[in-house]
J.: 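I'd like to ask you about the structure that follows.
Hydrogens, waters and symmetry mates are skipped; everything else that's a heavy atom, side chains included, is used. Not measured: the values here are computed from a predicted model. In what follows, residues are counted from 1 in the order of the sequence shown.
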Amino acid sequence: MIRVFLAVVGMFFLPFLLYAAYEYVKNRGDMKQGYFKNAPINWLTVAGTVFAVVTLGSLVSNEILKWEREQQATTETSGEQTPGRTP
């Protein structure tokens, strides 16, 4: 569960980190205050939300598919239930 939480939070903040890296490279490493003063916060938030929702959907669907693959249907032969498939 913590893996899913960290992945979703990480993907939400990814656009913000990429924007900060872009500003750092654009200013040739000059560390100054206010990287996000003129940043497109709305677009960064929308992009982060999209990344987080897609990541959450991907992780949840992969977990569901993994669980379904591990489940084995029971088969009945002569009144008894045996796990797995019939030969």
Side-chain angles (χ1 to χ4, degrees):
M1 188 62 169
I2 191 75
R3 178 180 64 104
V4 173
F5 176 74
L6 291 176
V8 170
V9 169
M11 291 307 286
F12 178 78
F13 286 110
L14 181 66
F16 294 94
L17 295 173
L18 291 175
Y19 182 80
Y22 164 74
E23 284 291 324
Y24 180 78
V25 169
K26 187 173 90 172
N27 294 327
R28 296 191 173 124
D30 183 24
M31 295 290 289
K32 65 177 184 175
Q33 298 254 339
Y35 272 161
F36 292 103
K37 186 175 183 179
N38 296 322
I41 298 295
N42 292 339
W43 286 110
L44 294 174
T45 303
V46 168
T49 303
V50 169
F51 284 158
V53 168
V54 168
T55 300
L56 180 63
S58 174
L59 289 174
V60 168
S61 66
N62 284 339
E63 291 294 325
I64 290 172
L65 292 174
K66 180 181 173 187
W67 181 79
E68 285 180 350
R69 271 187 249 120
E70 291 174 356
Q71 299 300 314
Q72 292 182 352
T74 59
T75 59
E76 289 189 28
T77 55
S78 67
E80 298 176 12
Q81 289 189 350
T82 56
R85 299 173 192 219
T86 57

J.: Tell me whether Phe5 is reachable from Val50 by hopping between hydrophobic residues (I, L, V, M, F, W, Y) whose side-chain heavy atoms are closer than 4.5 Å.
T.: no
J.: Using side-chain heavy atoms (C-beta onward) and a distance below 4.5 Å, is Trp43 in contact with Pro15?
T.: no
J.: Atom CZ of Phe12 and atom OG1 of Thr45: how far apart are they, to the nearest 0.5 Å?
T.: 5.0 Å
J.: Are Val60 and Val8 joined in one hydrophobic group, where the rule is that I, L, V, M, F, W and Y side chains link up if heavy atoms are under 4.5 Å apart?
T.: yes
J.: Ignoring hydrogens and geometry, is there a side-chain-to-backbone donor-acceptor pair from Ser58 to Val54 under 3.5 Å?
T.: no
J.: Tell me the closest heavy-atom pair linking Asn38 and Tyr19, and the distance in Å.
T.: O-OH, 4.0 Å
J.: Atom CG in Asn27, atom OH in Tyr22: separation rounded to 0.5 Å?
T.: 9.0 Å
J.: Can you get from Val9 to Leu17 by hopping between Ile, Leu, Val, Met, Phe, Trp and Tyr side chains that sit under 4.5 Å apart?
T.: no
J.: State plainly whether one hydrophobic cluster holds both Phe13 and Leu6, where clusters connect Ile, Leu, Val, Met, Phe, Trp and Tyr through side-chain heavy atoms under 4.5 angstrom apart.
T.: yes
